[in-house]
Amino acid sequence: MTYQELSEVRKTLRVDWYRCPTPPGALRELSRRSDAQGWFQAGGHLALFIVTGALVFIFWSQELWLAFLVALLFHGTVTSFFTGTAPHELGHGTVFKTKWLNKFFMYLFSLIGWWDHFDYASSHTYHHRYTLHPEGDRENLLPLEPSLASTFMLQLFTINLLTQRGRTFGKGGLISTLYLTILGAFGMEPPGDKPIDEWLNALHRDQPEEHRNSIRWSRILLLFHGSVLLVAIITGLWVLPLIFSVSVFIANWLSYFVGLTQHCGLREDIPDFRKNTRSVKLNPLFSFLYWRMNWHIEHHMYAGIPCYNLGKLYQEIAHDMPAPRTLIGAWKEMRQVWRRQRADPDYQFDTPLPATAKSAREDKPDKPLESSIGELAPAGLQENP
């Protein structure tokens, strides 16, 4: 499929999104950022990384190999959310009230997670403005396969070495990530034989300044992780790369199972987040690791609201929303849709809405506040108020 240049898309594509109305004053209150809540979320996630990493080191040094493997599994599960999830919300700039803290933690998590937040900021700005309208959003290219293939699952529960980038933004397994980071460090483009590579190339043409920032960041990633490897070789502490550089590719099972539910199997080209996005119920620990992105319809509908207030937002608009799925229910739904899509590639699931749901606004919306995506957009994609 041939796409317009993104500069042309911005001129021609306008999506009149339906957003569930909120009680007077509720949206402004829910949009307030809190340093205390930010420290709980970002600091708490970092603390889990430190604690599990310390356990990995202790058990390795004492040669308690079974305990070492269990600790490494937990450490990888925690760290796998450093790729995409943690930098995502910090990239919106809504976690901390103090702006530099958002930037500090975004760079820190991205560094450990091999994450390019510059390219992602460009991609994700389009994703929010044109969600699942393929002309302007190819961050997730439908149909997405909710794969449970045995070799794929083996990698997700051990070390993800060989997984290739599919139809979503990201770098895939360790080998693919290293390859793409080296390419990026030299300013080279991926070969373009995958749709997601075409998307990345289109973003680079559209936002050359962010591409230059991405090149510099790729070099920093290689310098940091290369330094970790060098220290490990000099000291004999070969566990250090496992803790700091490889852990993001270990035990990717949870980040995969919760992350794929966001849009898989849902509708394209529709101006209703309730139809193209999915929210799921999670237990408190999984929701914390996922930075509350299980409230994903709510996040797309009001992207300027901090992640820790999304559950409260749902309570305000529940009468106008589909009930959130359970994680198992979401996967059953996605698998059923995928089986049908193999016979009928054009099929997309139409999420049922409650009888109380509306499809048009009767109030006067506060458009700048409602359409805010925080501070995500790079300079070249910022819109005039």
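Each residue takes its place number in the sequence, starting with 1. Note that this is a predicted model, so its numbers are computed, not measured.
Across all non-hydrogen atoms, the minimal contact from Ser123 to Leu203 is CB-CD1, 3.5 Å. Shown here for Asp116 and Ser218, the closest heavy-atom pair between the two residues is OD2-OG, 4.4 Å. Across every non-hydrogen atom of Gly136 and Tyr130, the tightest pair is O-CD1, 3.6 Å. The two residues Pro146 and Arg335 make their nearest non-hydrogen contact at O-NH1, 2.9 Å.
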Working for salt bridge (charged side-chain N to carboxylate O under 4.0 Å, His left out), residues Glu375 and Arg33:
CA-CA 13 Å; Glu375 296 159 13; Arg33 306 167 189 180; 3.0 Å; yes

Using the side-chain contact (heavy atoms from CB on, under 4.5 Å) rule, take Tyr107 and Leu111 through it: C-alpha gap first, then chi angles, then the decisive distance, then the call.
CA-CA 6 Å; Tyr107 278 88; Leu111 189 65; over 6 Å; no

Test side-chain contact (heavy atoms from CB on, under 4.5 Å) on His299 and Cys307 and set out the steps.
CA-CA 7 Å; His299 170 65; Cys307 60; over 6 Å; no

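Listed for the Asn294 side chain is no donor-acceptor partner under 3.5 Å among the backbone atoms of Val258. Asn283 places a side-chain N or O within 3.5 Å of a backbone atom of Phe286 that can act as its donor or acceptor partner. Side-chain N or O atoms of Trp217 include none that pairs as donor or acceptor with a backbone N or O of His117 at under 3.5 Å.
Atom CD1 of Ile297 and atom OG of Ser279 lie 4.0 Å apart (nearest 0.5 Å). Summarising the geometry, atom OG belonging to Ser122 is positioned 5.0 Å from atom CD belonging to Glu210; distances are rounded to the nearest 0.5 Å. In this structure, NE2 on His211 lies 8.5 Å from CG on Asn201, to the nearest 0.5 angstrom. Note: Ser372 OG to Leu27 CG = 9.0 Å, rounded to the nearest 0.5 Å. Here the CG-NE2 distance, from Asp137 to His124, works out to 9.0 Å after rounding to the nearest 0.5 Å. Atoms OG1 and CD1, on Thr79 and Ile112 in that order, are 7.5 Å from each other to the nearest 0.5 Å.
In this structure, the ring of Phe96 has its center less than 6.0 angstrom from the ring center of Trp39.
In this structure, the side chains of Asn102 and His92 stay at 4.5 Å or more apart for every pair of heavy atoms. The side-chain heavy atoms of Phe249 and Leu161, taken from C-beta on, include no pair separated by under 4.5 Å. The side-chain heavy atoms of Tyr126 and Glu139, taken from C-beta on, include no pair separated by under 4.5 Å. Between Glu89 and Gln41, every side-chain heavy-atom pair lies at or beyond the 4.5 Å cut-off. For the pair Phe273 and Leu266, the minimum side-chain heavy-atom distance is 4.5 Å or more. The shortest side-chain heavy-atom distance between Leu72 and Phe59 does not fall under the 4.5 Å cut-off.
Residues Leu73 and Phe244 do not share a hydrophobic cluster, clusters being chains of Ile/Leu/Val/Met/Phe/Trp/Tyr side chains in contact below 4.5 Å. Leu178 and Met188 end up in the same hydrophobic cluster when Ile, Leu, Val, Met, Phe, Trp and Tyr side chains are linked at under 4.5 Å. If you chain together hydrophobic residues whose side chains sit under 4.5 Å apart, Ile250 and Ile175 fall into the same group.
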Compile the donor-acceptor pairs under 3.5 Å between side chains in residues 313-321 and protein atoms, sequence neighbours left out, one pair per line.
residue	atom	partner	partner atom	Å
Asp320	OD1	Arg274	NH1	3.3
Asp320	OD1	Lys358	N	2.5
Asp320	OD2	Tyr18	OH	2.5

With a cut-off of 3.5 Å and sequence neighbours excluded, list every side-chain donor-acceptor pair involving residues 45-52.
residue	atom	partner	partner atom	Å
His45	ND1	Trp291	NE1	2.8
His45	NE2	Val78	O	3.0
Thr52	OG1	Leu48	O	2.7
Thr52	OG1	Phe49	O	3.3
Thr52	OG1	His75	ND1	2.7

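Taking the charged nitrogens against the carboxylate oxygens, Arg212 and Glu209 do have a contact shorter than 4.0 Å, which makes a salt bridge.
Applying the side-chain hydrogen bond (donor to acceptor under 3.5 Å, both in side chains) test between Glu268 and each of Gln348, His263, His133 identifies Gln348 as the sole match.
For Lys281, the NZ atom is loosely surrounded, since the number of other residues' heavy atoms within 6.0 Å does not exceed 12. The 12-atom threshold is not exceeded at CZ of Phe40, counting heavy atoms of other residues, nucleotides or ligands nearer than 6.0 Å. Within a 6.0 Å radius of CG in Leu66, other residues, nucleotides and ligands contribute 12 heavy atoms or fewer.
If you check the side chains of Thr277 and His300, you find no donor sitting under 3.5 Å from an acceptor.
Residues in residues 336-348 take part in no salt bridge (Lys or Arg N to Asp or Glu O under 4.0 Å) pair, two or more places apart or across chains. Residue pairs satisfying the ring pair (Phe, Tyr, Trp, His ring centres under 6.0 Å) criterion with at least one member in residues 146-181, sequence neighbours excluded, are listed as follows: Trp115-Phe169, Tyr120-Phe169, Phe152-Tyr256, Phe157-Trp253.
In this view, Arg32 and Glu29 satisfy the side-chain contact (heavy atoms from CB on, under 4.5 Å) rule, not counting sequence neighbours. The side-chain contact (heavy atoms from CB on, under 4.5 Å) check on Thr125 picks up Arg129, Ile373, Leu376, Ala377, Pro378, Leu381, with sequence neighbours excluded.
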